[in-house]
Asker: 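Dumping the structure here so I can ask a few things about it.
Both counts, for ligands and for their atoms, begin at 1 and track the order of listing. No experiment lies behind these values; they were computed from the predicted model shown.
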Amino acid sequence: MDNQQVSAALAEVGTLMELLGENPFKVNAYANASRTIGQLTDEIASHVNKGTLGEIPGIGPTLQEKISSLVKTGKLEFLEELRAKVPSGLVKMLAIQGLGPKKVKALYDQLQIDSLEKLKSACDESKVAELKGFGAKTQQKILEGIEFLGSVAGRVRLDEADSVANSLLNLLKDMKEVIRIEVCGSLRRRRETVKDIDVLVSSKNPAPIMEKFVTAPGVIQVLGHGETKSSIFVEALVNGSRIKMQADLRVVKDEEFPFALAYFTGSKEHNVAMRSRAIEYGLKLNEYGLTGENKNIKCKTEEDIYKALDLPYIAPELREDTGEINAALKATLPTLIESKQIQGVFHNHTTYSDGANSLEEMANKAKSLGLKYLGFGDHSQSLTVANGLSPERVKKQIAEIDELNSKMKGFRIFKGIECDILADGSLDYDDEILSLFDYVVGSVHTHFQMTREEMTQRIIKAMNHPAITMLGHLTGRLLLRRDGYAVNQEAVLQEAVKTKTLIEINAHPMRLDLDWIHCKRAKELGVKLVINPDAHSTEDLEYYEYGVSVARRGWLEKDEIFNTLTTIEVEAYFSERRKAFTKKK
Ligand code: DGT
Ligand code: CA
Ligand code: ZN
């Protein structure tokens, strides 16, 4: 078993134990071990062989024994026993937002509910509302949750699809039969969720490529195996989660490749608009070519296709038919932001609150990624579930940052906090503590059930606090798990112009919030945005690339993204804002 498989097995043990109502400390030990092993850079198997499992933090004797068994035999009796005790439907019920293990257990124990179907009928019959600790409101939430799960069924997060697609690409790309290979579809356009993976290859000899594709590791079903198209259903482990999705492979002649690439990249709406453009030239555009009555326009690349229609190249992220062809015609397409222009990131967690790594580990990783600065934004005091910082611990962290700053060369650490916006719109520290930070990220983590007006007022009030520098994850959505809370995003964006609040593009692939549509709106309004990974470990720091994808889909350019500024520019900006704050207070 590899690291990801061991990690997934331990995560499952933790979940099942939780559903059985076991000791929370034991449950946490499994969850933490799962995360640690999922992020290990060396092979867990080599630790087993060398007998060095105990050197990994958080892996006590019980876990060592279980991990050894998993690695050596590929099985864990303890897990099999747990699976036998817990109906699989209970695990599915956990995917409903707001239904934790305690509630799922109560539903099972008291109403014998062990599937989503039974849960839905029980809600429809209002039996759930009558249970102690549930009530009509919770029942309604559960019903909405079931409906939400149905509406997103079959889609997969971008980071998960990336991982599955990369494995397939790596499998095929070095085959001697492959001339060109590219991933198309929503994945290439970098949509936040993806239905299936569309792989395109050009070749003179497709059969061996098809054969390799349908026998790829993780294939659980071959849906089609043809000469030019094959489809598989594939399973993979990504960061401890079991991902199942469809992948299609199309093989074309190399001279057709650019046309097929453009066609299968989509979006469908963009393709339709491009076809109309071709018709204006008396041409026909499809996945095989660009043809006129007696001619066949040769194109070696996608660029050539656009050029043939007198258009500049349009990046895949823009191909949503939201005005990109018009902009191309008028030569007003944006010069899109690129990952390498990001100089640093500001919203990151450490072991001070709910992160997995120390300040120094995070800083070293950021430096190794080529970033020039890093800001921390651990949780504030009222968020006790995430180990929020008391004023004393704030001061301790700040002292530690000062020390690190004096030690690290050519790298700057900024002092920040992810400060809760409390229900009444006030902040979670007094002004004295707030004045200790270089910057403050304001975020909503509680009281999601407010009306849209109340939530909007709450956030707007916080934005008007002079200590607030940026607004974290504006809607609080968790992709494919829960919709964001109700909030008037337009009103918040307009307020951001007035208050000069930076709006975060939360780049965590679970959030991607602000979404790309509102990024586009922010651009129109002149709101400055900041791309933050919301990292909870060193690995997560790389998530800022997903934020760059969202920004590109939102037509954003370098100058519209705050964290493309140099260290000196950021320092100057923060010190201006702090001056204004301390003067006001
Ligand atoms: P999704 O749902 O995340 O898989 O999104 P896409 O965009 O990857 O959609 P998919 O996989 O159904 O199709 C891939 C591309 O193929 C799509 O973006 C455009 C192209 N395509 C598919 N069906 C049609 C169609 O009926 N007409 C046109 N013009 N293009 C199509
Ligand atoms: Ca697709
Ligand atoms: Zn947060």
Asker: What protein heavy atom sits nearest atom 7 (O) of ligand 1, and how far away is it?
Answerer: Arg189 NH1, 2.9 Å

Asker: Which atoms of ligand 1 sit under 4.0 Å from any heavy atom of Gly185?
Answerer: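 Contacts of ligand 1 toward Gly185, numbered from 1: 8 (O).
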
Asker: With heavy atoms under 4.0 Å as the rule, classify the contact between Arg191 and ligand 1 as side chain, backbone, both or neither.
Answerer: neither

Asker: Got the closest protein heavy atom to atom 9 (O) of ligand 1, with its distance?
Answerer: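 Residue, atom and distance for the closest contact: Lys195 NZ, 4.6 Å.
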
Asker: Looking at Tyr352, is Arg393 sitting on its ring face, NZ or CZ under 6.0 Å from the six-membered ring centre and within 45 degrees of the normal?
Answerer: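 Arg393 over Tyr352 ring: no.
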
Asker: Considering just N/O/S atoms, say which atom of Glu418 is closest to the Zn ion (ligand 3).
Answerer: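 For Glu418, the N/O/S atom sitting closest to the Zn ion (ligand 3) is OE2.
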
Asker: Under 3.0 Å from the Ca ion (ligand 2), which protein atoms of type N, O or S occur, listed by chain and number?
Answerer: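 Asp196 O, Asp196 OD1, Asp198 OD2, with waters left out.
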
Asker: Should the heavy atoms of other residues, nucleotides or ligands under 6.0 Å from NZ of Lys520 be counted, would the total exceed 12?
Answerer: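 Counting neighbours around NZ of Lys520, more than 12 heavy atoms of other residues, nucleotides or ligands fall under 6.0 Å, so yes.
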
Asker: Report the nearest protein non-hydrogen atom to atom 20 (C) of ligand 1: residue, atom name, distance rounded to 0.1 Å.
Answerer: Tyr263 O, 3.3 Å

Asker: Tell me: protein heavy atom nearest atom 15 (C) of ligand 1, and distance?
Answerer: Phe264 O, 3.2 Å

Asker: Return a yes/no value for Arg155: is any of its N or O atoms, backbone included, closer than 3.5 angstrom to an N or O of ligand 1?
Answerer: yes

Asker: Using a distance threshold of 4.0 Å (strictly less than), state whether atom 28 (C) of ligand 1 has a protein heavy-atom neighbour.
Answerer: yes

Asker: Applying the ring pair (Phe, Tyr, Trp, His ring centres under 6.0 Å) test to Tyr373, which of Phe574, Tyr439, Phe414 qualifies?
Answerer: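 Passing option: Phe414.
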
Asker: With backbone taken as N, CA, C and O and side chain as the heavy atoms from C-beta onward, which portion of Asp196 lies under 4.0 Å from ligand 1: side chain, backbone, both, or neither?
Answerer: both

Asker: State which residue, out of Val440, Thr499, Asp431, fulfils the side chain to side chain contact (heavy atoms under 4.5 Å, CB included) condition with His465.
Answerer: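 So the option named by the test is Asp431.
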
Asker: List every atom of ligand 1 that sits less than 4.0 Å from any heavy atom of Val194, numbering the atoms from 1 in the order shown and giving each element.
Answerer: 3 (O)

Asker: Nearest to atom 5 (O) of ligand 1 by heavy atom, Ala273, Ser186, Gly266: which?
Answerer: Ser186

Asker: Is it the case that the side chains of Ser537 and Asp540 hold a donor-acceptor pair, with the cut-off being a distance below 3.5 Å and no angle test?
Answerer: yes

Asker: Counting only heavy atoms not in Glu280, do more than 12 fall under 6.0 Å of its CD?
Answerer: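 Yes, CD of Glu280 has more than 12 neighbouring heavy atoms, counting only those of other groups under 6.0 Å.
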
Asker: What protein heavy atom sits nearest atom 26 (O) of ligand 1, and how far off is it?
Answerer: Lys268 CE, 3.6 Å

Asker: Under 3.5 Å between any N/O of Asp198 and any N/O of ligand 1: does that happen in this structure?
Answerer: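 Among all N and O atoms of Asp198, at least one is under 3.5 Å from an N or O of ligand 1.
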
